[in-house]
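First listed ligand is number 1; within each ligand, the first listed atom is number 1. Note: hydrogens, waters and symmetry copies are ignored here, and every other heavy atom, side chains too, is used.
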Amino acid sequence: MLRVLVLNGPNLDLLGVREPEVYGSQTLGDIEALVAATAADLGVTVSFFQSNHEGALIDRLHEAMGECDGVVFNPGAYTHYSYALRDAISSTGLPVVEVHLSDIAKREDFRKVSVIAPVCIGQLAGLGSASYTEGLALLVGHLQKEDE
Ligand code: CA2
């Protein structure tokens with residue numbers, strides 16, 4: 001069975017608590033429950049990790065090598081400037097789908113840049129929690145094609 005890690009970066013633990021007009025009213029727990037249900041439908045196993053610390057996210061990506069087949073990743077604001085996370089993604093060699101709740105292309109200029117995107121197999125943004133479920137489906141489709 002394919003194993004997928006769903007990784008969330010800084011401040012995403014506050015979802016549903018503040019700024020519902022930008023990020024919606026679902027909590028991270030709500031989103032994880034939705035992703036778990038989608039994973040069950042797709043027949044894959046899923047695990048979750050959130051951290052507000054860059055190094056902890058890098059460590060979790062390293063641990064995912066050999067333990068997971070791919071990653072759905074919302075790096076939060078690290079998206080826009082963390083070359084360390086970008087290097088961690090490329091050094092693990094794991095397929096990663098970048099996801100965002102909001103449409104980063106239509107927000108402030110600094111959010112339009114993703115330094116992560118070039119090392120990811122795809123990006124889903126602006127769909128709220130559906131960015132995660134569609135990102136998971138994209139990743140699983142990619143992994144199943146690799147298996148053929
Ligand atoms: O749209 C996304 O998913 C983001 O990755 C969310 C990040 C933001 O820095 C990225 O540019 C786009 C921020 C997550 C902050 O989440 C909050 C949740 C509740 C209240 C305040 C912030």
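Closest protein heavy atom to atom 4 (C) of ligand 1: His100 ND1, 3.7 Å. From the protein, the heavy atom lying nearest to atom 15 (C) of ligand 1 is Asn11 CB, 3.6 Å. With hydrogens left out, the protein atom closest to atom 21 (C) of ligand 1 is Glu19 OE2, 3.5 Å, a heavy atom. Looking only at protein heavy atoms, the nearest one to atom 2 (C) of ligand 1 is Leu101 N, 3.4 Å. Ranking the protein heavy atoms by distance from atom 6 (C) of ligand 1 puts Tyr23 CE2, 3.6 Å first. The protein heavy atom nearest to atom 20 (C) of ligand 1 is Arg18 O, 3.2 Å. In this structure, atom 14 (C) of ligand 1 lies nearest to the protein heavy atom Leu12 CD2, 3.8 Å.
Residue-level proximity to ligand 1 for Arg111 is carried by the side chain, the only part with a heavy atom below 4.0 angstrom. Contacts of Asn74 with ligand 1, taken as heavy-atom pairs under 4.0 Å, involve the side chain alone.
Between His53 and Pro10 the shortest side-chain heavy-atom distance does not fall below 4.5 Å. Contact check for Ile104 versus Lys112: no side-chain heavy atoms found under the 4.5 Å cut-off.
Note that OG1 of Thr92 and NE2 of His62 are 7.5 Å apart. Values are rounded to the nearest 0.5 Å. Atoms CG and CG, on Asp13 and Leu28 in that order, are 7.5 Å from each other to the nearest 0.5 Å. We find the CD-OG distance between Glu32 and Ser47 to be 10.0 Å, quoted to the nearest 0.5 Å. For the atom pair NE2 of His80 and CZ of Arg107, the computed distance is 7.5 Å after rounding to the nearest 0.5 Å.
Of all the atoms in ligand 1, the ones that sit under 4.0 Å from a non-hydrogen atom of Leu14 are 18 (C), 19 (C). For ligand 1, the atoms sitting less than 4.0 Å from at least one non-hydrogen atom of His80 are 10 (C), 11 (O), numbered in the order shown with element in parentheses. Close approach of ligand 1 to Ser102 (heavy-atom distance below 4.0 Å) involves ligand atoms 1 (O), 2 (C), 12 (C). Set against the non-hydrogen atoms of Ala77, the atoms of ligand 1 under 4.0 Å away are 9 (O).
Cluster partners of Tyr81, using a side-chain heavy-atom cutoff of under 4.5 Å among ILVMFWY residues and allowing indirect links, are Leu5, Leu7, Phe49, Leu57, Ile58, Leu61, Val71, Phe73, Tyr78, Tyr83, Leu85, Ile89, Leu94, Val96, Val113, Val115, Ile116, Val119.
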Counting only pairs under 3.5 Å, give me each side-chain donor-acceptor contact of residues 135-147, with atom names and distances, residues two or more places apart or in other chains.
none

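For the side chain to side chain contact (heavy atoms under 4.5 Å, CB included) test with Leu101, the passing option among Val22, Leu12, Leu127 is Leu12; the others fail.
Contact annotation: Leu15 has at least one heavy atom less than 4.0 Å from an atom of ligand 1.
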